[in-house]
Q: 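Just passing along the structure, written as structure tokens.
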Amino acid sequence: MNNQQYLARLKKLLSSMPHQVRDEVLREIQSYLNDCGDQDMALLEKFGPPEKLAQQYLDGEVVHLTLLQKLSSKGRLGLSVFGAIVLVLVLIVTGLAYYYQRDAFNYADPQALAGATRDTKWLSAPWDGVSLIKVSQAEVVFYWHQQQQVRWTCDGNWLAQDQLIRNGTMVFQQAECLVYLPTRPARINVNQSKVTLIRPADHVDVKVSQSNIRIAQRSEGYQYNIQGIDNVDEVPLSTQGAAINIDINAFQSSLVPYVY
Amino acid sequence: MENDLFQKWQSQLRKGYLELCVLIVLRQKHTTYGFELLRLLNEAGISLNEGTLYPLLNRMHKNGWLDSYWIHPEDSGHPRRFYQLSDTGVEQLPKMLDAFQQNECAVSKLMELI
């Protein structure tokens with residue numbers, strides 16, 4: 001090890017010192033070399049191994065360590081504790097995110113729905129006047145019932161019947177709604193929304209843009225005609241002989257089975 | 001093993017002793033630099049190498065017992081770090097000397113008892 005290598009090594013070993021102090025230490029050793037008048041004199045011989053010299057300098061020094069160095073200095077225990085804390089935080093955040101993204105109750109369970117909406121105010125309108133349902137920036141869950149009316153309840157942007165249905169189009173916008181449709185074919189256009197279809201009882205023609213569609217299946221299955229969704233692995237495949245068609249034309253959207 | 005323990009004991013004993021010696025030299029010389037200080041201490045019979053003295057000076061400076069400053073000669077000479085007693089050092093030195101001398105006396109008395 002020549003003197004330059006020695007000084008470089010010492011500089012590295014003293015990296016935890018305040019840099020001004022460290023630089024002064026190195027300058028002083030360089031000055032010592034000049035005083036000797038022999039630049040070839042080996043520092044290693046006079047000052048001993050740089051590790052030992054650094055230890056002497058650092059003895060009693062207020063060491064400025066990075067967080068990682070502090071953890072390393074406490075060994076594996078410190079790193080393990082740090083890792084465990086990070087893991088617990090990640091689990092808490094993930095759990096909270098899952099909890100808040102989860103549905104308020106199981107929409108596919110009629111009893112859960114009935115219990116949750118017992119005191120809810122419902123509105124209804126004749127279905128014959130509706131040819132299209134538009135869902136825009138909203139969260140809507142669709143059910144099918146045996147009645148001839150469309151029935152709904154909403155939170156958020158609450159609209160009366162005459163405001164909600166105009167010129168044969170029913171619009172759910174910026175609201176969270178539960179909707180019962182009669183057992184008749186329905187056309188639904190969905191834009192930037194989250195829509196859940198609970199066991200459709202008749203033909204549904206859905207156009208979807210930048211939205212999330214969830215479907216709870218009937219045991220009899222459906223005949224699907226899906227366009228515009230690349231990954232259909234999780235989508236329920238068509239059931240042979242199924243009587244009900246579900247047509248979906250999607251753009252930048254996801255389609256998944258409904259799972260509570 | 002015994003040799004290691006002795007060296008450890010000697011190291012503990014020397015630490016304060018060497019600091020006292022440095023303070024004494026600086027009181028006599030007023031100001032000097034590491035290389036010269038080492039020479040003076042060695043001439044006085046104190047066995048001390050560079051790897052011990054320079055970290056010691058750094059620590060004493062950090063303790064506030066010494067002041068230091070760099071002198072950059074106008075001629076071809078190189079810069080040197082000079083040390084001198086700080087006000088704290090001037091104040092501490094007599095107390096250290098008293099403590100050291102008391103310890104010496106105590107050892108002497110103990111030796112007489114034996």
Q: Tell me, yes or no, whether the heavy-atom count around A/Gln5 atom CD, taken from other residues, nucleotides or ligands under 6.0 Å, exceeds 12.
A: yes
Q: If you compare all heavy atoms of B/Gly51 against all heavy atoms of A/Leu53, which two are closest, and at what distance to 0.1 Å?
A: O-CD1, 3.6 Å
Q: Taking only residues two or more places apart in sequence, or in another chain, which ones meet A/Ile85 in a side-chain contact (heavy atoms from CB on, under 4.5 Å)?
A: A/Val81, A/Leu89
Q: Give me the atom names and distance for the closest heavy-atom approach of B/Pro79 to A/Ser31.
A: O-OG, 2.9 Å
Q: Are any of the side-chain heavy atoms of A/Val21 and B/Lys62 separated by less than 4.5 Å?
A: no
Q: If you count the non-hydrogen atoms of other residues, nucleotides and ligands that lie under 6.0 Å from CG in B/Asp98, is the total more than 12?
A: yes
Q: For A/Glu51, what residues pass the salt bridge (Lys or Arg N to Asp or Glu O under 4.0 Å) criterion, not counting sequence neighbours?
A: A/Arg9
Q: Can you pull out the residues in residues 42-50 of chain B with any heavy atom less than 4.5 Å from chain A?
A: B/Asn49, B/Glu50
Q: When rounded to the nearest 0.5 angstrom, what distance separates CG in A/Leu33 from NE2 in B/His78?
A: 9.5 Å
Q: When heavy-atom pairs shorter than 4.5 Å are enumerated against chain B, which of A/Lys52, A/Arg27, A/Gln30 gives the highest number?
A: A/Arg27
Q: Could you give the distance from CG (B/Leu38) to NZ (A/Lys46), rounded to the nearest 0.5 Å?
A: 8.5 Å
Q: Are there residues of residues 23-36 of chain B that reach to under 4.5 Å of chain A by heavy atoms, and which ones?
A: B/Tyr33, B/Phe35
Q: For the residue pair A/Tyr57 and B/Pro55, what are the closest heavy atoms and their distance?
A: CE2-CA, 3.5 Å
Q: Could you check whether any side-chain heavy atom of A/Glu28 comes within less than 4.5 Å of a side-chain heavy atom of B/Trp70, counting everything from C-beta outward?
A: yes
